[in-house]
Structures are given as structure tokens and as C-alpha cells.
Amino acid sequence: MSTLARAWTFAAVLALVAGCGGDAADEPAEDGDATTETTEAGDGGEMGAPTDAPSDAVASGRAVFVTNCATCHGEDGRGNGPAAVGLEPPPADLTDGTWTTGDGSLAAIHNVIQNGSPGTAMISWQGTLTESQIAALAEFVHSMGGGR
């Protein structure tokens with residue numbers, strides 16, 4: 001399958017997942033109105049949460065991640081989500097400190113979320129997520145252990 005065909009397949013899967021029914025708690029949060037499904041330190045959560053209590057931005061970012069990113073990156077951020085099958089290159093493992101685009105800094109992660117990553121299935125979320133959601137999501141991804 002060509003890269004373009006894979007990208008369109010990914011986009012179709014993403015659209016289906018995003019369009020699936022659910023209640024308001026499943027929707028991305030509006031600016032300043034984040035749903036927080038925090039994983040407290042030491043509770044055995046899967047999300048690669050920071051070792052101390054999460055900041056509001058990290059907690060908000062986790063909610064955005066679960067709703068929008070876990071489909072490809074997996075709930076644990078290791079690139080093992082259900083839509084990852086067949087993507088080439090596979091989605092990034094956000095916990096291993098290896099970056100396809102950028103250096104893993106908070107600014108670079110924000111840039112990738114906002115603009116996508118050329119040569120991969122990582123789309124631009126600008127226009128889909130609000131700026132505050134992108135900022136919170138970048139904080140969360142950075143906290144997963146791969147950020148520098």
C-alpha cells in the first residue's frame with residue numbers, strides 16, 4: 001500500500017473513531033473547561049504519569065490524549081494503539097525519548113502536535129484542537145518520560 005493510501009486509510013479510521021458516538025465526557029475539552037482523568041502517582045496507572053502530582057496542564061493534556069491520540073499511540077503512549085496496525089512508519093513511542101521530528105523539547109512536541117510530522121501519519125491538530133488543548137497535550141506528552 002502506498003504512503004498516500006496509508007495516510008488516507010489513517011485519516012478515514014481517525015474520522016470514524018472521532019465520529020463515534022459517546023457522551024460529552026468523551027469530547028475534547030473546550031478552552032479552560034478540561035475533563036481531567038488524572039492518574040495519581042503510585043496508583044499503577046498505565047499512562048506514564050509523572051512521579052509527582054500532575055499539573056493542571058498535564059491532567060488536561062491526558063484527557064485530550066485519551067480522546068484524540070490513544071487510537072494510534074496507545075493508551076500507554078508506546079505507539080501500540082488499535083489504528084497503529086499497518087501504519088508505516090508506526091506511530092511514535094512517546095515514552096522512549098526517540099523523536100522522528102524535533103528534539104523532544106516541549107516546544108518541539110508542541111510544534112509536531114500543531115503541524116504534524118512529514119513522512120508519517122501524524123496529522124496537524126491545528127484547527128481541530130484549541131491552542132490551549134495543544135499546549136496541555138504537549139505538556140502531557142512531554143511528561144510521559146520521553147520529553148527532554
Side-chain angles (χ1 to χ4, degrees), residues 3-4 6-20 22 24-41 43 45-85 87-148:
T3 302
L4 182 58
R6 281 192 183 109
W8 279 109
T9 301
F10 170 75
V13 169
L14 187 61
L16 285 172
V17 170
C20 290
D26 294 333
E27 297 299 316
E30 293 299 319
D31 279 343
D33 185 41
T35 302
T36 55
E37 296 178 30
T38 57
T39 299
E40 295 298 325
D43 75 352
E46 299 177 36
M47 294 296 298
T51 56
D52 56 353
S55 71
D56 289 345
V58 170
S60 296
R62 180 185 186 280
V64 175
F65 183 90
V66 168
T67 302
N68 298 284
C69 310
T71 301
C72 291
H73 291 285
E75 294 229 4
D76 60 1
R78 297 184 195 280
N80 57 355
V85 176
L87 291 179
E88 190 59 43
D93 178 340
L94 303 174
T95 66
D96 70 359
T98 302
W99 301 96
T100 303
T101 306
D103 61 5
S105 66
L106 183 58
I109 293 168
H110 186 280
N111 183 57
V112 169
I113 295 167
Q114 185 168 342
N115 299 306
S117 180
T120 73
M122 178 64 187
I123 64 169
S124 165
W125 287 92
Q126 185 174 24
T128 302
L129 298 176
T130 66
E131 179 54 39
S132 66
Q133 287 174 314
I134 291 172
L137 180 55
E139 290 277 353
F140 176 70
V141 169
H142 191 262
S143 78
M144 294 179 86
R148 296 241 171 350

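Everything quoted here is computed from the prediction, not taken from an experiment.
- Across all their heavy atoms, A135 and H110 have their closest contact at CA-CD2, 3.8 Å.
- Note that CE of M144 is 8.5 Å distant from CG of D93, once rounded to the nearest 0.5 Å.
- In terms of heavy atoms, S60 sits closest to A136 at CB-CB, 3.9 Å.
- Here the SG-CD distance, from C69 to E75, works out to 11.5 Å after rounding to the nearest 0.5 Å.
- With rounding to the nearest 0.5 angstrom, the CD atom of E139 is 13.5 Å from the CD1 atom of I134.
- A distance of 9.5 Å separates CZ of F65 from CD1 of I113, quoted to the nearest 0.5 Å.
- Checked by atom type and distance alone, the side chain of Q133 pairs as donor or acceptor with a backbone atom of T130 at under 3.5 Å.
- In this structure, the side chain of T120 engages the main chain of S117 through a donor-acceptor pair within 3.5 Å.
- The shortest distance between side-chain heavy atoms of L137 and L129 falls below 4.5 Å.
- Contact record, C72 with P91: O-CG, 3.5 Å, taken as the closest heavy-atom pair.
- Of the possible donor and acceptor atoms, none in the side chain of N111 sits under 3.5 Å from a partner among the backbone N and O of A107.
- Looking at every heavy atom in both residues, H142 comes nearest to L106 through CD2-N, 3.5 Å.
- Distance CD1/I109 to CZ/F140: 11.0 Å, rounded to 0.5 Å.
- When atom types are taken as modelled, the side chain of H73 and the backbone of A92 share a donor-acceptor pair closer than 3.5 angstrom.
- T95 places no side-chain N or O within 3.5 Å of a backbone atom of R78 that could act as its donor or acceptor partner.
- The two atoms that bring N80 and G74 nearest to each other are OD1-CA, 3.3 Å, heavy atoms only.
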